[in-house]
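All heavy atoms count here, side chains included; hydrogens, waters and symmetry mates do not. Computed from a predicted model, the values in this text were never measured in an experiment. Residue numbers begin at 1 in each chain, while the letters A, B, ... track the order of the sequences.
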2 protein chains.
Amino acid sequence: MAKKSELLQGTLDLLVLKTLRQEPAHGYAIAQKILVSSRKVLDVQQGSLYPALHRLEKKGLIESEWREGDNGRMAKVYSLKKAGKKQLEEEMEEWSRYIAAIQWVLEA
Amino acid sequence: MAKKSELLQGTLDLLVLKTLRQEPAHGYAIAQKILVSSRKVLDVQQGSLYPALHRLEKKGLIESEWREGDNGRMAKVYSLKKAGKKQLEEEMEEWSRYIAAIQWVLEA
DNA sequence: TTACTATGTGTAGAGAGGCTATGCATTATG
DNA sequence: CATAATGCATAGCCTCTCTACACATAGTAA
């Protein structure tokens, strides 16, 4: 059944926004951060991540800038915009509410 | 009911299997049970539920039988099969694991 | 009677979003 | 010199949920 890399639809945006609230980061680093902070459970695929970043930018929740990193490589660094912070807060509340509801059903 | 309670994709099967583990029930009743046990948060739509039941039956996780209820109506009563119980256990474990991972990211 | 609500099952079509697979480019490592 | 790691990106597929219908019966209110 579900491979460990499969995310529940709708959670990726939340994870990305949350990760960017710590500090700006480029796509590749975002995936790594999520992998580490989830203790290797959530392995976000590039084919999921990049389209998600484009979506979020299109919605005005994040913005990007090409920068050169310490290793001399160019990377597209994303940062949270104000609307993104608001969205993050809303989605976290929604998430809690949702998880609690599921939990009630599973414990019924 | 105010909010359009959008389910996270992939959770519906879990909710249905869990509900059927209590006792056999027909579709309409399953939706009601979920609505009640989730304290009105999870309002499963019929257009989601019936296809889900057909999927689960096709997979051999549940089975159905037309029965007459107390109100004299015919209804398709579903019950969990052995494979469904096993699947439920697996999905609950997967769910816990997944939720914990998300939580770690959100608390990072 | 008429109409509306609740109960009950079902499908079609659309939309969303995550996945695989692929492509390209650069740097570090064996 | 080949391979892995870093880094961005898209196309097409697939699955699942939603809206919007369609149909049928029973009970209740006007």
Decide if atom CD of A:E90 counts as having more than 12 heavy atoms of other residues, nucleotides or ligands within a radius under 6.0 Å. yes

Is it the case that more than 12 heavy atoms not belonging to A:E93 sit under 6.0 Å from its CD atom? no

Base, sugar-phosphate, or nothing: which does [X] touch, judged by heavy atoms less than 4.0 Å apart?
X: B:G69; answer: nothing
X: A:S64; answer: nothing
X: B:G47; answer: base
X: A:G72; answer: nothing

Sorted by position of nearest nucleotide on DNA chain D, 5' first, the leading residue of B:P51 and A:Y78 is A:Y78

Length of the line joining [X]:[atom1] and [N]:[atom2], which is rounded to integer Å:
X: A:L7; N: D:dC14; atom1: CG; atom2: P; result: 20 Å
X: B:Y28; N: C:dA6; atom1: OH; atom2: P; result: 8 Å
X: B:D70; N: C:dG8; atom1: CG; atom2: C1'; result: 15 Å
X: A:H26; N: D:dG7; atom1: NE2; atom2: C1'; result: 7 Å
X: A:I30; N: C:dG18; atom1: CD1; atom2: P; result: 14 Å
X: A:K33; N: D:dT6; atom1: NZ; atom2: P; result: 14 Å
X: B:Y50; N: C:dG10; atom1: OH; atom2: P; result: 7 Å
X: A:Q9; N: C:dG18; atom1: CD; atom2: P; result: 6 Å

Would you call B:L49 and B:Y28 a side-chain contact if the rule is heavy atoms closer than 4.5 Å? no

Donor-acceptor contact present, side-chain B:Q45 to main-chain B:D43, <3.5 Å: yes

N or O in side chain of [X] less than 4.0 angstrom from [N] OP1/OP2:
X: B:R55; N: D:dT17; result: yes
X: A:Q32; N: D:dA5; result: no
X: B:Q45; N: D:dA20; result: no
X: B:H54; N: C:dT9; result: no

Side chain of B:W66 only, please: which of D:dT6, D:dC8, C:dG10 is the nearest? C:dG10

Closest to the 5' end of DNA chain C, once A:N71 and A:L49 are matched to their nearest nucleotides, is A:L49

Working to the nearest 0.5 angstrom, can you tell me the gap between B:S38 OG and B:K33 NZ? 13.5 Å

